[in-house]
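Following: one structure in structure tokens, then a few remarks.
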Amino acid sequence: MKIQQIYSAINLKQLFYEFFAAEHIGNFKMFSIFHIIFMLVSAYLIYEISKRSKTLDENAIQKFLKFSAFFLLMFDPIYWLWEFITFHRFDLSQTLPLYFCSLFWILLPFAAFAPRNSVFERIALSHICTIGIIFGISGIVFSVHLNRYPFFSFVPIRSLIYHFFMILVPCVLWSNGYYKPKIQDSYLFFIPLAALFFPALILDKLYGWDYCYLNGGVGTPLEFLSKNTPNFLFIFILYFSIFVVINLIFYNKTIIEHFKKEKVFTNN
């Protein structure tokens, strides 16, 4: 009897419906108390897990990578299923895996299953461990879904968990030493972004979509820049800035050491 009373009070069926319902689309705001708590808890968990990962051997890290690859591979198909059940159609302007963040789950299997130190692994790891972190942080802090959906609903929760892993996985790889940057990584990380650029550009121009922010990053902080800049110049500034900033943040030491060695070798 008590169990039935508890069930009735909680109304699990109603909670389930509320979580997946789309009727609540409206005017909400980022940086609610729940959003801030999620960011703080995420930062703490990522720090603690990364610190503890230092003692793990290579085999354990590879198992972690494989688990993450399989786990995150489900996130887009689950969203597609939810979208079709909810709206009875696919919104191709938002559903295709042509976002910067899409590259994380696309590349993760290469990081997990490609031969160690192969070019495919280097491309995947260099991208995941640099751009992955930057856009993971951006995706949690500027979770634009929270402007349309309440915090405790499917779309924002799915997105926040996904971006949490975008930060957690590379932080573990850096902390453990599984990923050690090499000079070629300073340009290999950009290859997946360049590969994504062309299909996104074609579709954006044909249909007016905004994949890879090529039509101005509407609804994101980038919109402020794109509104006051010609589109071609905005695209150049965006991608050139990504290339430069990633090298400054993640590869400056590697590049400096490389040129020091080159100088010593030349002098000898």
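The side chain to side chain contact (heavy atoms under 4.5 Å, CB included) test applied to Phe120 returns Phe110, Ala114, Ser118, not counting sequence neighbours. Applying the side chain to side chain contact (heavy atoms under 4.5 Å, CB included) criterion to Phe240, with sequence neighbours excluded, gives Phe236, Val244. The salt bridge (charged side-chain N to carboxylate O under 4.0 Å, His left out) test applied to Lys182 returns no partner, not counting sequence neighbours. Taking Glu83 as the reference, nothing meets the salt bridge (charged side-chain N to carboxylate O under 4.0 Å, His left out) condition, with sequence neighbours excluded. Shown here are the side chain to side chain contact (heavy atoms under 4.5 Å, CB included) partners of Ala60, two or more places apart in sequence or in another chain: Leu56, Asp57. Taking Asp76 as the reference, Arg158 meet the salt bridge (charged side-chain N to carboxylate O under 4.0 Å, His left out) condition, with sequence neighbours excluded. Partners of Arg116 according to the salt bridge (charged side-chain N to carboxylate O under 4.0 Å, His left out) rule, which considers only residues two or more places apart in sequence or in another chain, are Glu58, Glu121. Checked against side chain to side chain contact (heavy atoms under 4.5 Å, CB included), Pro230 has the following partners two or more places apart in sequence or in another chain: Phe232, Leu233. Among residues two or more places apart in sequence or in another chain, the side-chain hydrogen bond (donor to acceptor under 3.5 Å, both in side chains) test is passed with Asp210 by none.
Side-chain N or O atoms of Asn228 include one that pairs as donor or acceptor with a backbone N or O of Phe224 at under 3.5 Å. A donor-acceptor contact shorter than 3.5 Å links the side chain of Ser102 to the backbone of Tyr99. Asn247 places a side-chain N or O within 3.5 Å of a backbone atom of Ser186 that can act as its donor or acceptor partner. A donor-acceptor pair under 3.5 Å is absent between the side-chain atoms of Ser32 and the main chain of Lys29, judged by distance alone. Looking only at distances, a side-chain donor or acceptor of Ser153 sits under 3.5 Å from a matching main-chain atom of Pro150. At least one donor-acceptor pair closer than 3.5 Å links the side chain of Ser126 to the backbone N or O of Ile123. Listed for the Asn231 side chain is a donor-acceptor partner under 3.5 Å among the backbone atoms of Leu214.
Within the structure, the salt bridge (Lys or Arg N to Asp or Glu O under 4.0 Å) test picks out no pair touching residues 102-111 (sequence neighbours left out).
In terms of heavy-atom proximity, Leu222 sits nearest to Tyr213 at CD1-CG, 3.6 Å. In plain terms, the two heavy atoms of Met30 and Val144 that are nearest each other are SD-N, 4.1 Å.
Atoms OG and CD1, from Ser42 and Ile161 in turn, are 9.5 Å apart once rounded to the nearest 0.5 Å. Taking OG of Ser226 as the start and CD1 of Ile235 as the end, the distance is 10.0 Å to the nearest 0.5 Å. For the atom pair CG of Leu103 and CD1 of Ile191, the computed distance is 12.0 Å after rounding to the nearest 0.5 Å. The distance from atom CD of Glu257 to atom CG of Asn252, rounded to the nearest 0.5 Å, is 9.5 Å.
Side-chain polar atoms of Tyr179 and Asp185 form a donor-acceptor pair below 3.5 angstrom.
For the pair Trp174/Cys129, a side-chain contact is recorded, criterion being any heavy-atom separation below 4.5 Å from C-beta on. Using a 4.5 Å cut-off on side-chain heavy atoms (C-beta onward), Phe250 and Val245 make no contact. Side-chain contact check for Phe190 versus Leu193: some heavy-atom pair is nearer than 4.5 Å. Between Leu146 and Phe34 the shortest side-chain heavy-atom distance does not fall below 4.5 Å. Side-chain contact between Ile36 and Met39: present, with at least one pair of heavy atoms (C-beta onward) separated by less than 4.5 Å. Between Val155 and Trp82 the shortest side-chain heavy-atom distance falls below 4.5 Å. Residues His127 and Phe104 have side chains not in contact (no heavy-atom distance under 4.5 Å, counting atoms from C-beta outward).
Other members of the cluster containing Phe70 are Phe113, with ILVMFWY side chains joined at under 4.5 Å, either directly or via other members.
Ring-plane geometry between Tyr239 and Phe100 is classed as perpendicular, the angle between the planes exceeding 60 degrees on a 0 to 90 degree scale with a lower cut at 30. Between Phe71 and Phe67, the two ring planes are parallel [angle under 30°; tilted spans 30° to 60°]. Taking the six-membered ring where tryptophan is involved, the planes of Tyr207 and Trp209 are essentially parallel, since the angle between them stays under 30° and well short of 60°.
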**Asked** Between Lys51 and Glu48, does a salt bridge (charged side-chain N to carboxylate O under 4.0 Å, His left out) hold up when you go through it step by step?
**Response** CA-CA 5 Å; Lys51 185 172 68 172; Glu48 284 296 325; 3.7 Å; yes

*asked:* Between Ile183 and Tyr251, does the side-chain contact (heavy atoms from CB on, under 4.5 Å) criterion hold? Intermediate values first, please.
replied: CA-CA 8 Å; Ile183 187 62; Tyr251 294 125; over 6 Å; no

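Following chains of ILVMFWY side-chain contacts shorter than 4.5 Å, one cannot reach Phe87 starting from Ile85, and the two form parts of different hydrophobic clusters. If you chain together hydrophobic residues whose side chains sit under 4.5 Å apart, Leu81 and Phe84 never meet in one group.
Trp80 has its ring centre no less than 6.0 Å from the ring centre of Phe90. Aromatic rings of Phe189 and Phe243 (six-membered ring for Trp) have centroids within the 6.0 Å cut-off, being under it.
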Please tabulate, one pair per line, all N/O donor-acceptor pairs under 3.5 Å involving side-chain atoms of residues 162-170, not counting sequence neighbours.
unit_1: Tyr162; atom_1: OH; unit_2: Cys101; atom_2: O; d: 2.6
unit_1: Tyr162; atom_1: OH; unit_2: Trp105; atom_2: N; d: 3.3
unit_1: His163; atom_1: ND1; unit_2: Ser159; atom_2: O; d: 2.7
unit_1: His163; atom_1: ND1; unit_2: Ser159; atom_2: OG; d: 3.3

